[in-house]
Amino acid sequence: GENVEQHPSTLSVQEGDSAVIKCTYSDSASNYFPWYKQELGKRPQLIIDIRSNVGEKKDQRIAVTLNKTAKHFSLHITETQPEDSAVYFCAASINSGNQFYFGTGTSLTVIP
Amino acid sequence: DVKVTQSSRYLVKRTGEKVFLECVQDMDHENMFWYRQDPGLGLRLIYFSYDVKMKEKGDIPEGYSVSREKKERFSLILESASTNQTSMYLCASSLPGPYEQYFGPGTRLTVT
């Protein structure tokens, strides 16, 4: 099956700086890549996703890039704010399937 | 508004007990999932169901079973709870194929 690796496991940034989280996947058939944010004590929620027919997608301060050749994708958060502090999970999924394969998570702390 | 609910937020059970965790979604989703979340290990799939009475094993099905008698309800059963099943359990639902999964609030299960 698919194997998704996520780095770093923890990340601290100053408010206003950028944060980057990287994931790699193993199965070249994967073509859907969502990112979830989980605040302390709350459920994971989708913040952005990308399909393999595009290389980049942006939503305000959040962007995701995908490199299919290298089999990696990244989450970029610009102008970080304290409310961005949370655990972020990447995942990969194959179009013909229903299962998500999640990374192990990145705990992001934004220092005011 | 999308809604996935779980029967309990916190549960304490004794070793050897049979435990039922229930999940209900109101979005008419075909797919439902049970995950286990442990620190440093991310979200690991236990079982998923793509239709009523249909189920597929995920990555860690040992010690668990599931039941889906109605489309909106997906139950996770621990036949004989053990201390290594102490964890956060998350339910999710989605449309067929790789689309956003909507998560429930989670059940923190402690087995003593």
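If you're wondering where the values come from, they're calculated on a predicted model, not measured in any experiment. Just so we're on the same page: letters track the sequence lines, and every chain starts at 1.
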Subject >> Which atoms of Phe100(A) approach chain B - backbone, side chain, both or neither, heavy atom under 4.5 Å >> reply: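 Phe100(A) touches chain B through backbone and side-chain heavy atoms alike.
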Subject >> Residue Gln38(A) versus chain B: region with a heavy atom under 4.5 Å >> reply: side chain
Original post:
Cluster partners of Tyr101(A), using ILVMFWY side-chain heavy atoms under 4.5 angstrom, listed by chain and number?
Top reply: Val4(A), Leu11(A), Val13(A), Ile21(A), Tyr25(A), Phe33(A), Trp35(A), Ile47(A), Ile48(A), Ile50(A), Val54(A), Ile62(A), Val64(A), Leu66(A), Phe73(A), Leu75(A), Ile77(A), Tyr88(A), Leu108(A), Val110(A)
Chain A contact via [X] - side chain, backbone, both or neither, heavy atoms under 4.5 Å:
X	value
Tyr99(B)	both
Glu56(B)	neither
Leu43(B)	both

**OP:** Please step through side chain to side chain contact (heavy atoms under 4.5 Å, CB included) for the pair Ser7(B) and Phe20(B), ending with a clear verdict.
**Re:** CA-CA 9 Å; Ser7(B) 50; Phe20(B) 292 88; over 6 Å; no
Original post:
Which of parallel (below 30°), tilted (30 to 60°) and perpendicular (above 60°) describes Tyr35(B) and Phe103(B)?
Top reply: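 Correct class here is tilted.
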Subject >> Arg43(A) (side chain) donor-acceptor with Val4(B) (main chain) under 3.5 angstrom >> reply: yes
Subject >> Max heavy-atom pair count under 4.5 Å with chain A, selected residue of Glu30(B), Glu100(B), Arg44(B), Arg108(B) >> reply: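 Option with the greatest count: Glu100(B).
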Original post:
Is Lys57(A) paired with Asp49(A) through a side-chain N to carboxylate O contact shorter than 4.0 Å?
Top reply: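 Yes, charged N to carboxylate O under 4.0 Å.
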**OP:** Would you please name every residue forming a salt bridge (Lys or Arg N to Asp or Glu O under 4.0 Å) with Arg9(B), sequence neighbours left out?
**Re:**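 Here no residue qualifies.
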**OP:** Using a cut-off of under 4.5 Å on heavy-atom pairs, state which of Pro34(A), Pro44(A), Ser9(A) scores highest against chain B.
**Re:** Pro44(A)
